[in-house]
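Here's the structure we're looking at; comments come further down.
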Amino acid sequence: MAQISLTFPDGNAREYDAGVTPAEVAASISTSLGKKAISAQVNGRHWDLQWPIETDATIAINTMKDAEPALELIRHDLAHIMARAVQEIWPDVKVTIGPVIKDGWYYDFDRAEPFTPEDLAVIEKKMKEIINKREPVRTEVWDRARAIKHYEDNGEPYKVELIEAIPGDEPLRMYWHGDWQDLCRGPHLQHTGQVPADGFKLMSIAGAYWRGDSNRAMLQRIYGVAFQNKEDLRKHLNMLEEAAKRDHRRLGREMDLFHMQEEAPGQVFWHPNGWKIYTTLQDYMRRQQERGGYVEVNTPQVVDRKLWEASGHWDKYQENMFIVEVDEDHAREKAVNALKPMNCPCHVQVFNQGLKSYRDLPLRMAEFGSCARYEPSGALHGIMRVRGFTQDDGHIFCTEDQIESETARFIDFLSKIYSDLGFDDWTIKLSTRPEQRIGSDETWDEMERALGDACKAAGHEFEILEGEGAFYGPKLEFTLTDAIGRQWQCGTLQVDANLPERLDATFIGQDGAKHRPVMLHRATLGSFERFIGILIEEHAGKLPFWLAPRQVVVAAIVSDADDYVHEVVAALKAAGVRAEADVRNEKINYKVREHSLGKVPVILAVGMKEVEERTVSVRRLGEKQTSVQPLAAIVEELSAEATPPDLR
RNA sequence: GCUGCUGUAGCUCAGAGGUAGAGCACUCCCUUGGUAAGGGAGAGGUCGAGAGUUCAAUUCUCUCCAGCAGCACCA
């Protein structure tokens, strides 16, 4: 038998018979490693203990101490164990797919009856039984015809379809957990007992389309989370609870920022507190846009369908537009309008007024554009995904030569804003030409190069999303990461040579002839509604002082201090701080608790001692200790903090 | 839009085929209290909307609306 040489992480190599498995290799090193082994890295690839190695390779044996492969295997095996448990309890259930996802796994089932939350406990119990059986995991490579016949005979049509979708040259692998079999590319653990029986939990049941296609069957998906041990699981569940506490819908109510109601689904009723955040942010953005060389415009909400037909939106997005029909007495037919779902066609109309010269370019046009989109009901989510929203929209009309410099300029613009708003962790993605597109390959080459080079010029790495661009041009997406690691795509920059063409935008070039400008669609925050939602969740409601809607509450400890309370409030207001008095007939404990829950960043308590000394007792949100400061000093301090970052 | 779940006082939630409950919030009274809930009294609901079954429906059934989770979608 041929010999192969396997090199271990310490650099030592050993000879084995070709076809040796990592299980055998591990056992050859020590009995205990043989038992502890869960998988291997062979030439860097995650490798099942049972897969033969046929050539010289590097090998590392994984144990539960190797967190990454361990979690991958635990979650993957749990997917199989859960599917087995479900089929043991309900033999008529058909299995489909069950991949590993962040923190856990899911498995999609086809079953006539819906699963109930009570079923989860039953399934979990069965899973624990399976784990405790410590049954071996076994694998074999099957040929295609046999596998298809097997699944046809067993009434598993989804598996047949999966096999048919696997490329012909790929081997089909079967896995058994005990007697239960599943098609799977692996790798898996040695035996079910390696799964920590107390490290997982079934979380939820939800619908999911077969193969992600909304035209196909709706399956039932069960989600689970899994970790190496009980403690890690507990931490994860704890984290979920913390995340729920910063839900902007809950904080929006607790901080009295906004509400939504049935009569206007997907639209925000901003309360005074929330609107203060909104206008503060908008004022800030307006200053930034001025700094960035934009002119601000404002365009109509209700626009005749003719414009949407000309722009191409009517064809593509009619279903998602709010249509407004106007019946006039003497008109021959109804006028059909649509609430604007985006601002770009209107901006082209502004551009088109009067002749434009090459000297006018680049022309940077911005609008806080109120848009309305009829989003599918299931897509709505608090103020994050709404039907009525305001974009911090902008369009840069420029020549092709200017794409690169304007893009670099925008990246700088956005970078300053994200930094001011406290987001330093963000990434750029470049989406390139899709299969369906207009324009020559040369044009695409040039546009994609310009975007990529602009990122480099601005000193930013970027990731490429192949084929994800719009049909009319490539785009950049700016994704920021929040305090609990979630990612939000907010900024975008899209190159578009199509719309200027459709809406006949032109400028007079140096040569005296008419030319077509290119448009760069760009947004920094995306929408105010969504961005404010992100800010609320990022800070768990404890917004930076300058953005906090209620900055200071001055609370009287005794009613004899009321006059002084009003004096302090007046002094703060005069210094540009949002301050209010609390002279209610309540104890200071009560007031502190209430305003702390309301996320007011600073509480100034005053009693007779402060009145006499002309001081205040300062308590910052989240801190237990207080400090006594002279009135003039705290006014100066808070006034400085209330200044937006760009004005400091 | 699809699957499942939910809708009772401002909020969080309990309830049962026969005239609706708690805590907090709110109003008034007592209390002037030193940094996360002082005490008492009072007011507050067409039980999401409509239809059906029933002597009787907030409760059961159906339709619609809205919300939640996930999927699909996101110019």
Side-chain angles (χ1 to χ4, degrees), chain A residues 106 108 111 113-117 119 203-223 244 247 249-250 253-254 256 259-266 308 311-321 340-345 371 373-382 384-387 389 391 393 470-472 475 489 492 494 496 498-499 521 523 526-527 530 555-562 583-598 603-610 617-628:
Chain A
Y106 67 76
D108 287 348
R111 177 185 182 223
E113 287 280 295
F115 288 113
T116 66
D119 291 339
M203 300 298 285
S204 60
I205 308 153
Y209 297 111
W210 169 233
R211 315 217 96 188
D213 182 344
S214 58
N215 296 314
R216 308 197 63 176
M218 177 63 77
L219 306 171
Q220 297 189 64
R221 175 172 298 178
I222 301 179
Y223 284 93
D247 189 307
R249 293 165 296 187
R250 170 176 174 160
R253 191 171 48 243
E254 287 172 2
D256 195 14
H259 85 272
M260 329 236 337
Q261 62 185 53
E262 273 195 31
E263 289 79 358
W308 306 116
S311 70
H313 291 103
W314 190 264
D315 252 8
K316 215 168 165 198
Y317 292 110
Q318 198 188 140
E319 291 289 293
N320 299 305
M321 297 210 280
K340 73 172 167 189
M342 54 186 343
N343 308 296
C344 26
C371 295
R373 294 181 186 173
Y374 191 79
E375 300 286 2
S377 57
L380 302 178
H381 179 84
M384 301 279 213
R385 185 83 182 270
V386 285
R387 289 182 176 154
F389 57 96
Q391 293 178 314
D393 203 3
F471 72 93
Y472 50 75
K475 65 178 173 186
Q489 193 240 302
T492 175
Q494 253 174 279
D496 182 2
N498 179 242
L499 198 62
H521 306 256
S527 91
R530 181 158 172 274
I557 295 169
V558 292
S559 51
D560 283 345
D562 287 0
V583 293
R584 292 174 303 168
N585 175 18
E586 295 294 348
K587 291 198 170 179
I588 192 64
N589 290 309
Y590 183 92
K591 295 180 183 180
V592 165
R593 175 181 153 83
E594 189 177 279
H595 301 307
S596 298
L597 289 174
I603 298 170
L604 302 181
V606 301
M608 289 322 287
K609 189 161 146 280
E610 286 77 13
S617 166
V618 184
R619 183 187 168 112
R620 297 253 177 192
L621 184 57
E623 291 174 16
K624 278 258 185 308
Q625 74 276 36
T626 59
S627 69
V628 175

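Order of the sequence lines fixes the chain letters, A, B, ..., with proteins taken first and strands second; residue numbering starts at 1 for each chain.
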Worksheet item: In B/S/- notation, 5' to 3', how is nucleotides 66-75 of chain B contacted by protein heavy atoms closer than 4.0 Å?
Response: SSSSBBBBBB

Discussion item. Measuring only the C1' atom in each nucleotide, how far is B/G17 from B/C55? A whole number of Å is fine.
Written reply: 12 Å

Discussion item. Taking the C1' atom in each of B/A41 and B/U59, what is the distance between them to the nearest angstrom?
Written reply: 33 Å

Interatomic distance where [atom1] belongs to [X] and [atom2] belongs to [N] [whole Å]:
| X | N | atom1 | atom2 | value |
| --- | --- | --- | --- | --- |
| A/Asn589 | B/G39 | CG | P | 12 Å |
| A/Leu604 | B/G34 | CG | C1' | 14 Å |
| A/Glu254 | B/C24 | CD | P | 17 Å |
| A/Arg584 | B/C29 | CZ | C1' | 17 Å |
| A/Arg593 | B/C24 | CZ | P | 11 Å |
| A/Lys587 | B/U32 | NZ | P | 9 Å |

Discussion item. Tell me which nucleotide, if any, is Watson-Crick or G-U wobble paired with B/C68 when both distances must be under 3.5 Å.
Written reply: B/G4

Discussion item. Under 4.0 Å, heavy atoms only, any strand: does A/Met608 hit a base, just the sugar-phosphate, or nothing?
Written reply: base

Worksheet entry | Touch class at under 4.0 angstrom, heavy-atom based, for A/Glu610 against every strand present | base

Discussion item. Counting only side-chain nitrogens and oxygens, does A/Arg216 get under 4.0 Å of the OP1 or OP2 atom of B/C2?
Written reply: no

Worksheet entry | Selected nucleotide, minimal atom distance to A/Ser559 side chain, candidates B/G34, B/C26, B/U32 | B/U32

